[in-house]
Amino acid sequence: MNEVSNDKISALQNIILEHANQQREALASDARKEAEQWLSKEMSKLERETNAVLADAKNRAEDIRRRQILSAEREKTTEALRQQNRLLSEAMKKFQDGLVRLRDRADYADILAGLAIESSKNLSGESRLRLKLASLDAPLGERVAEAVNRRCTQCEMAFDHDPAPIIGGCWVSSWDGRRQINADWQSRTQEMADVIADRLLPLL
């Protein structure tokens, strides 16, 4: 009886152990599947995040490159404008220097008289006019005024001994000073700026 009972107990133990092994394998299999699913999900998530990071990095790099290109183009344009302005300034200075050198000519008084006559015509309606010259040209003042009065009989021009703050050329004003024409070299240079620029810039 004891032997039978022991056999049954052993058989039952074997059945329980076999069942336990089966359950263990099933649990292990389920665990592997869950681990694989989790790993697959995490890998997909990581791949998406990696792609997002790479896309963002690419966009940032393209944005930086665009900004660098725009900056380089602006710098190029700015440098070109800087060079144009420098050349224009140099050209205007040479033009003005050329006007100043007219003082060395023997007919400089006639040049001043021509400027004064032209200015007087722009002051139409004014019969009495004042002439101002640069301090260096003051010795020519009376001579220039007389030349204007000989050629322009409809007005009377008087030389004002108070010098104008100019480097050459002349100022002509109405007797009361309310109207004035600046025919000095600084003013003429500024008036010619557009002409100088139009001729110079196409050559750059």
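Note that the structure is predicted; figures quoted are calculated from it, not measured.
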Using the rule that two of Ile, Leu, Val, Met, Phe, Trp, Tyr join whenever any of their side-chain heavy atoms come within less than 4.5 Å, decide whether Val195 and Phe95 are in one cluster.
yes

So, Asn122 and Ser119: side-chain donor and acceptor under 3.5 Å apart, yes or no?
no

Taking atom types as modelled, is there a side-chain donor on Gln83 or Asn85 under 3.5 Å from an acceptor on the other?
no

Considering only NZ, NE, NH1 and NH2 on the basic side and carboxylate oxygens on the acidic side, decide whether [X] and [Y] come within less than 4.0 Å.
X      : Y      : answer
Asp97  : Lys93  : yes
Glu118 : Arg151 : no
Glu191 : Arg188 : yes
Glu90  : Lys94  : no

Considering non-hydrogen atoms only, spot the tightest contact between Gly169 and Leu112 and give its length.
O-CD2, 3.6 Å

For Ala134 and Gly168, work out which heavy atoms get closest and say how close.
CB-N, 4.0 Å

Could you check whether any side-chain N or O of [X] sits under 3.5 Å from a backbone N or O of [Y], counting only pairs where one atom can act as donor and the other as acceptor?
X      : Y      : value
Ser174 : Arg179 : yes
Asn182 : Asp184 : no
Ser173 : Gly177 : no
Arg199 : Asp194 : no
Arg130 : Trp175 : yes

Evaluate Val148 against Leu131 for side-chain contact (heavy atoms from CB on, under 4.5 Å), listing each step before the verdict.
CA-CA 10 Å; Val148 172; Leu131 171 69; 5.8 Å; no

Do [X] and [Y] have side chains that approach each other closer than 4.5 Å (heavy atoms only, starting at C-beta)?
X      : Y      : answer
Leu133 : Pro163 : no
Val144 : Phe159 : no
Trp171 : Pro165 : yes
Ser120 : Cys155 : yes
Ile167 : Gln96  : yes
Leu102 : Trp185 : yes

Rounded distance (nearest 0.5 Å) linking atom [atom1] of [X] with atom [atom2] of [Y]:
X      : Y      : atom1 : atom2 : result
Asp137 : Ile166 : CG    : CD1   : 7.5 Å
Thr189 : Met92  : OG1   : CE    : 6.0 Å
Leu99  : Gln186 : CG    : CD    : 10.0 Å
Leu129 : Met157 : CG    : CE    : 5.0 Å
Ile181 : Lys121 : CD1   : NZ    : 13.5 Å
Asp110 : Leu115 : CG    : CG    : 11.0 Å

Heavy atoms of other groups near Arg178 CZ, more than 12 under 6.0 Å:
no

Mark yes when over 12 heavy atoms from residues, nucleotides or ligands other than Arg105 sit less than 6.0 Å from its CZ; otherwise mark no.
no

